[in-house]
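Single-structure report; data block below.
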Amino acid sequence: KELSVAIVGATGAVGSKMKEQLIKRNFPIKNIKFLASARSAGKDIEFNGQRYKIEEATPEAFEGVDVALFSAGGSVSAKLAPEAAKRGAVVIDNTSHFRMHEEVPLVVPEVNREDLKKHKGIIANPNCSTIQMVAALQPIREKFGLTRVIVSTYQAVSGSGVSAIEELREQSAQWDAGKNVEANILPAKSDKKHYPIARNVIPQIDVFTDNGFTYEEMKMINETKKIMHMPELPVAATCVRVPVVSGHSESVYIEVEQDASVQDIFDVLRNAPGIVLQDDITSQDYPMPLFVEGEDPVYVGRIRQDLANKKGFHLWIVADNLLKGAALNSIQIAEAMLEDNLL
Ligand code: A2P
Ligand code: 11C
């Protein structure tokens, strides 16, 4: 079966990776259209060696589309995802807009593929930092149970889009040239203050919520509970932006229910789908974002048993935020739906 596909936000950081993933994974495409803002409409875009014209994302653009991959920001999804669904397309939405809606499945196929069956036209792709964490924790939870998660993240600027990648490059050049360093985007474009990310670390991703946590932190907390079907799981998150282009890293502390050893956790992760265990301190082997850029799996290393709690474990989890964290997971959702006759 071949499908009519649309990418909304085709010129963006995630949209570009969606194009690459469709080709790399040989997704069965009957025809494809590339949608973006009116600013880009009429410009050329390349796909699989051919030139296409970018079209403006409008409700009518979704006529005849089977699957629409959205990554153009929450307000675009809010407006156009229901229009696409109304016209018969299955929407796979990479923004946060619909994720916590009760009737919208929030899916990492390795964790909760079954939830896809309940879809009503819109499926949400989780936040990048959530996806890589739950992908690594689910196999541990299946074997040993899970009673607590505390995570600190080290997130790349590409999570904030093409303009943040450019800003990191410009700021690095400004530093090197001894010029004033300008900051206009991070930590959150809509917030009052902006700080340089070059030669810095910013303990704020997205804006603050009323409880003192940022939205990014609350996304990790709420999405983890929803995807894992564990509404009572205690989860705490501190999300931090670092001057890395691509690849989110996470220091994760978990507590499990059953007795387990580091060797047991190694064994579980070695056989887990989509996970690469990279943990050999004798040869200083552990995951780093520089080396996972462009790679599909979620890498896990530095696994240690807590020194005060034998049911506590520390893990270091790294993945390409634009791939498993966004474009790849979206395409894997579409592939799972095809296999399960949901598309
Ligand atoms: P455009 O290039 O025309 O602005 P990123 O996350 O890397 O910043 O990319 C955002 C993506 O969302 C881009 O493809 C951008 O297209 C697209 N986009 C932004 N605003 C709109 C809009 N109002 N309608 C459709 N697409 C939009
Ligand atoms: C970041 N995680 O790294 C964010 C980007 O909810 O999809 C993704 C925001 C989202 O900035």
Side-chain angles (χ1 to χ4, degrees), residues 6-19 33-45 53-59 61-62 68-81 83-84 92-100 106 124-133 151 153-168 184-191 197 202-207 214-224 237 239-250 289 319-327 329-330:
I7 300 181
V8 188
T11 54
V14 175
S16 317
K17 297 292 173 186
M18 285 172 163
K19 283 173 23 189
K33 54 168 75 175
F34 302 99
L35 308 176
S37 75
R39 294 180 293 276
S40 304
K43 289 188 189 158
D44 282 347
I45 190 165
K53 286 269 179 242
I54 298 172
E55 296 172 46
E56 184 180 352
T58 60
F62 297 98
L69 305 165
F70 274 71
S71 197
S75 58
V76 175
S77 290
K79 200 169 106 198
L80 291 178
E83 296 290 341
I92 302 173
D93 180 28
N94 189 51
T95 76
S96 61
H97 188 80
F98 293 102
R99 287 183 192 145
M100 297 313 295
L106 179 66
N125 192 68
N127 181 28
C128 36
S129 37
T130 311
I131 294 178
Q132 66 184 68
M133 184 171 82
V151 53
T153 68
Y154 305 68
Q155 296 184 221
V157 296
S158 58
S160 202
V162 166
S163 51
I165 303 174
E166 276 163 16
E167 190 166 83
L168 170 58
N184 300 305
I185 294 168
L186 298 171
K189 199 159 174 32
S190 63
D191 222 337
I197 187 62
I202 305 177
Q204 180 192 347
I205 297 183
D206 211 328
V207 295
T214 61
Y215 267 108
E216 182 77 359
E217 289 159 355
M218 291 314 298
K219 281 188 251 174
M220 288 199 78
I221 292 166
N222 293 327
E223 293 178 20
T224 297
C239 292
V240 178
R241 189 77 67 191
V242 295
V244 164
V245 174
S246 274
H248 286 354
S249 308
E250 301 176 340
D320 187 324
N321 53 302
L322 297 179
L323 296 185
K324 186 55 186 170
N329 198 67
S330 294

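All figures in this text were calculated on a predicted structure; none of them were measured in a lab. Counting starts at 1 for both ligands and their atoms, in listed order. All residue numbers in this chain count up from 1 along the given sequence.
Not a single heavy atom of S163 sits under 4.0 Å from any atom of ligand 1.
Atom 15 (C) of ligand 1 has T11 OG1, 3.7 Å as its closest protein atom, hydrogens excluded (heavy atom only). Closest to atom 9 (O) of ligand 1, if we only count protein heavy atoms, is G12 CA, 3.2 Å.
The part of A10 lying near ligand 1 is the backbone, judged by heavy-atom distances below 4.0 Å.
In terms of polar-atom proximity, A13 is counted as a contact of ligand 1, with an N or O under 3.5 Å from an N or O of the ligand. Looking at ligand 1, you'll find an N or O of V162 within less than 3.5 Å of one of its N or O atoms. For ligand 1, none of its N or O atoms has an N or O atom of S160 under 3.5 Å away. Between V8 and ligand 1, no N or O atom pair is found at a separation short of 3.5 Å.
Between M133 and T224, the shortest heavy-atom contact is CE-OG1, 3.5 Å. Q204 approaches V207 most closely through the heavy-atom pair NE2-CA, 3.9 Å. Residues S71 and N94 share a closest heavy-atom pair of OG-ND2, 3.1 Å. A13 and V162 get closest at one heavy-atom pair: N-CG2, 3.4 Å. Residue E217 comes nearest to T214 through the heavy atom pair OE1-N, 2.8 Å, listed as atom of the first residue, atom of the second, then distance. Shown here for S158 and S246, the closest heavy-atom pair between the two residues is OG-OG, 3.0 Å.
Listed for the R99 side chain is a donor-acceptor partner under 3.5 Å among the backbone atoms of N125. Here the side chain of K33 pairs a donor or acceptor atom with the backbone of A61 at under 3.5 angstrom. No donor-acceptor pair closer than 3.5 Å links the side chain of E166 to the backbone N or O of L168.
For the residue pair Q155/N321, the side-chain donor-acceptor check at 3.5 Å is not satisfied.
The CG atom of L106 sits 10.5 Å away from the CG atom of N222 when rounded to the nearest 0.5 Å.
Here is the list of ligand 1 atoms found below 4.0 Å of a heavy atom in V76: 21 (C), 22 (C), 23 (N), 24 (N). With ligand atoms numbered from 1 in the order given, ligand 1 contributes 4 (O), 19 (C), 20 (N) to contacts under 4.0 Å with heavy atoms of R39. Atoms of ligand 1 lying under 4.0 Å from at least one heavy atom of G9, given by number and element, are 11 (C), 12 (O), 14 (O), 17 (C). Each of the following atoms of ligand 1 lies closer than 4.0 Å to a heavy atom of A72: 12 (O), 17 (C), 18 (N), 26 (N), 27 (C). Taking every non-hydrogen atom of G161 and a distance limit under 4.0 Å, the qualifying atoms of ligand 1 come out as 5 (P), 6 (O), 7 (O), 8 (O). In summary, the atoms of ligand 1 found under 4.0 Å from a heavy atom of S40, numbered by their order in the structure, are 1 (P), 2 (O), 3 (O).
Around ligand 2 you find N94, S96, R99, N127, C128, Q155, G159, S160, I205, E216, K219, R241, H248, each with a heavy-atom distance below 4.0 Å.
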Derivation and outcome, side chain to side chain contact (heavy atoms under 4.5 Å, CB included), residues N184 and E167: CA-CA 8 Å; N184 300 305; E167 190 166 83; 3.5 Å; yes

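For the pair D320 and K17, the salt-bridge criterion is not met [side-chain N within less than 4.0 Å of a carboxylate O].
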